[in-house]
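First comes the structure, then the notes that go with it.
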Amino acid sequence: MTDLLTSSTTPSASTVAQERRVVTAVPGPKSQELHQRRLAVVPPGVSSALPVYIERAHGAIIVDVDGNQFIDLGAGIGVTTIGHTNDAVVEAATRQLRDFTHTLFTVTPYESYVRVAELLAQHTPGDHAKRTVLVNSGAEAVENGVKIARKHTGRNGIAVLEHAYHGRTNLTMAMNFKAAPYSTGFGPFAGDVYRAPSSYPFHDGLSGADAAVNTISYLEKTVGAADLACLVVEPIQGEGGFMVPADGYLPALQEWCTANGIVFIADEIQSGMGRTGKYWASEHLGLVPDMILSAKGIAGGLPLAGVTGRAEIMDSAQPGGLGGTFGGNPVSAAAAIAVFEQIESNDLLAEGVRIGNTLTTALLELQEKYPVIGDVRGIGAMIAIELVQPGTRDPNPAAVAALASHAAQNGVLVLTAGTYGNVLRFLPSLAISDELLLEAVGVLDEGFAGL
Ligand SMILES: *Cc1c(COP(=O)(O)O)cnc(C)c1O
């Protein structure tokens, strides 16, 4: 009772026990009631994978309004990478909220924006001079990356890869591989986007070198290197299904880009910020991108995104050409600084490696038992399984839907992915324990047994 005076009337998020607990049907009655209210005022274009309404969250557990506790293997699509309501992030953001919430960096600047840019320069591959622009969302980072690459090169063409996902704005819709649901009916789309074949080892069986020849010769034939401003790649594709490209594939593409004056942009919005056990998936693949795009995991859940690139490229945009009202918001920037500090002081990159080992081992064991699991892939805390019609490589989206539903009913939140909707992806926070991970895989095991 000693802290009675300082404690608030509602339990603090950090009191959330790190355990799974299902006390109602999922979604429960309160969630269902909220869902009815939502349907009256929110359009169906904004859909929810699991319409349980969340009351609070901490670490690797989210709690819904009915009191159900879910093991969160999605982390808001790889956003709360260092755990929900990380105490240091909450503290830093709260402090900043009290100091000031906004001035607009392009009107009167503040230190935290500069500090985030320093941290990104320090922790991205390559020791060349770098600059960072902060914006609000992943799609906005992609838009700005392309803008700057065009200004720098004086060229228009944008090359992207099959199975890519880059966002929901007009330009990024044109850069996505999958039309439904992201762009169906939303045209006309931006032009000068060229989509090349990628490396998808489970399906194409190609070496990195051979896949790179396909990509490069496609781009040389359909647009020509001299007209390309940039090539935008996800080092590990996110929405596409966590494809880790064959060895040497992306380095070969980068080499070709460099030889031809094409800006090589790594969209690390999903794969970055410690997710894979290194700050950037590029580091696993031997890449030193000209530009790295970050967002999702960078600010512990607060909206922030960055474009970090070679100084000589970034400096080509004219004063006033970059920015935006909320870009680099001071509360988000304070949270991002705390995220970097937490990663460093708690060696969270090692947690990514641990999670990758635990999850991969457990999922490979499941694959031995269930031939519906065609492939287990990914790096660190970015792992997926691709479900197939047993004995083939044909997609099995029905099994993915059944598994995701079984998991939800049993207090485990998993996300789906894949161009063919046949991938279950795991993006747990780096705060999750092996016990919770294995408990969640146990729930999946029951789900596979019941297919
Ligand atoms: C989520 C995502 C984006 C878009 O980010 P938003 O913040 O949703 O605009 C772009 N690229 C990749 C790889 C992503 O995962």
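This structure is a prediction, so every number in the text was calculated from the model and none was measured. Counting convention: from 1, in listed order, for ligands and their atoms alike.
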- Using the ring pair (Phe, Tyr, Trp, His ring centres under 6.0 Å) rule, take Tyr110 and Phe105 through it: C-alpha gap first, then chi angles, then the decisive distance, then the call. CA-CA 7 Å; Tyr110 39 88; Phe105 193 77; 5.5 Å; yes
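Between Tyr420 and His163, the ring-plane angle classifies as perpendicular under the 30° and 60° cut-offs.
Heavy-atom minimum distance, Gly418 versus Lys178: O-NZ, 3.1 Å. The nearest pair of heavy atoms linking Asp204 to Ser198 is OD2-O, 3.7 Å.
A salt bridge does not link Arg155 with Asp227: none of the charged nitrogens is closer than 4.0 Å to a carboxylate oxygen. Using a cutoff of 4.0 Å between basic side-chain nitrogens and carboxylate oxygens, Arg393 and Glu386 are not scored as salt-bridged.
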Note every protein N or O atom lying under 3.5 Å from an N or O atom of ligand 1, pairing the names and giving the distance.
| residue | atom | partner | partner atom | Å |
| --- | --- | --- | --- | --- |
| ligand 1 | 7 (O) | Gly138 | N | 2.7 |
| ligand 1 | 9 (O) | Gly138 | N | 3.4 |
| ligand 1 | 9 (O) | Ala139 | N | 2.8 |
| ligand 1 | 11 (N) | Tyr165 | O | 3.4 |
| ligand 1 | 11 (N) | Asp267 | OD1 | 3.3 |
| ligand 1 | 11 (N) | Asp267 | OD2 | 2.7 |
| ligand 1 | 15 (O) | Gln270 | NE2 | 2.7 |
| ligand 1 | 15 (O) | Lys296 | NZ | 2.7 |

